[in-house]
Amino acid sequence: MNVRRRGSAAVLAAAAVIGAAAPAVAADPSPSASASTPDALFGTGDPQFDGVYRQSLALLAQTTVGVIPSPKAVDWLTGQQCANGAFAPFRADPAKACDAKTMVDTNQTAAAVQALWAVGGRGDAVEDALTWLKSVQNKDGGWGYSAGGPSDANSTSLVIGALTATETDPAKVTKGGKSPYDALLTFALPCPKDGGAFAFQPDQDGKLLPNADATAAGVLGSLGKGMVTEPGAKAAAPSCAGDGKADREQAAANGAAYLTSAMAEDGHLKSALGGSPDQPDFGNTADAVVALAARGGAEQAAEPLAWLKKNGPDWAEQKGPAAYAQLVFAAHATGTDPRDFGGTDLVEGLNATGPAPQGAKVTDSATTSETAADEDADKDDSGFGVWWFVGVCLVFGIGIGFLLSGRNKKRQP
């Protein structure tokens, strides 16, 4: 499969300011110089278990809102990849080859695929990661967290998201005649007994138990959606129907009905920690908002979205980049402005947790320059001089930008 560059908001933003952006591209550090520097990583917590995952979510969220990520942040992520295409949560020494002791997994890899595809210019890394994911697909069509481990709803849905994000049809990615959708539907519980939820995977007795986290993931997976999705077409309020094996569309509706019911009383999902009283589950609530909006439009996620706007920003400030990213995804899925999310600028908060984005200052200055040019044009009786000058600058900037981009970025096949 040839991986092509995906048209992203970051690319559009870069095109809008190409003349001003050229010097920033020229200053990009090389991957070898920046891939292992600590300041290239988002967040301040120990990255041992989630370094790649939180970096991927942060980069994906930035591109979603039109921010051009820091080149060294992208290089850090790419530098974490093993030669076989897989990603581990964190490799302290990327120069050291991965071996049998390197704990690669499908979740970090699928998240990295979505981020690197969105950023663009990393076609080889994306294709290698997809090749590895396909090589460790289970015979039931799904994926577990670790290669060869039992399939679960969350991991299978994450890989479905990576496939669809890269314009690969999950239905055509099969093992033993089974697709990821076939595997995912085995975790869907019937109605009305179990409310249409998804289970993470069978328990030790082979039983499927409702799981809100798996249900939010399962709804997105059944719809063939990744972490970033637009508001879906308006649909009837979800209801749990059927007592047999559901198809993808019905499984998504059943899962949405379960989530709606679970959040009906308080407007959010809950989690219990070690026998303590139930606590608000911010992350899963954000994922549920994305799932509900993707399935039936923003209106179906209105109540939990309102709760997130009120309570989510404080949570994100405490938890860091992945939490900010989840809120950005929830805002995007519902058509909400992430720069005014309950009065909080999520983009600013996210950017503050990692290396300064390449596009932030450039965009601001470009906007100012454009406004000044408009004002000057209004004052120019000829209507020609200013626009001729702007046109020459743009042509020059585009030429320099493409030249430097070709030197600093690997071209996609």
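Owing to the predicted nature of the structure, the values given are computational and were not obtained by experimental measurement.
Screening residues 43-65 for salt bridge (Lys or Arg N to Asp or Glu O under 4.0 Å), with sequence neighbours left out, gives D50-R54. Residues in residues 228-237 take part in these salt bridge (Lys or Arg N to Asp or Glu O under 4.0 Å) pairs, two or more places apart or across chains: K234-E299. Legend: side-chain hydrogen bond (donor to acceptor under 3.5 Å, both in side chains) pairs involving residues 200-220, not counting sequence neighbours, sorted by first then second residue: N154-D213. Residues in residues 136-182 take part in no ring pair (Phe, Tyr, Trp, His ring centres under 6.0 Å) pair, two or more places apart or across chains.
Remark: W307 engages H268, F282 in a ring pair (Phe, Tyr, Trp, His ring centres under 6.0 Å) (not counting sequence neighbours). Remark: C82 engages N84, R91, C98, T102, V104 in a side chain to side chain contact (heavy atoms under 4.5 Å, CB included) (not counting sequence neighbours).
No side-chain heavy atom of H332 sits less than 4.5 Å from a side-chain heavy atom of V65. Side-chain contact between P89 and D105 is present, with at least one heavy-atom pair separated by less than 4.5 Å.
Annotation for L327 and P313: closest pair CD1-N, 4.0 Å, computed over non-hydrogen atoms.
Between R122 and D75 a salt bridge is recorded (basic side-chain N to carboxylate O distance below 4.0 Å).
Counting only distance, with no hydrogens or angles, the side chain of T260 and the backbone of A256 share a donor-acceptor pair below 3.5 Å. Checked by atom type and distance alone, the side chain of R339 never pairs as donor or acceptor with a backbone atom of D345 at under 3.5 Å.
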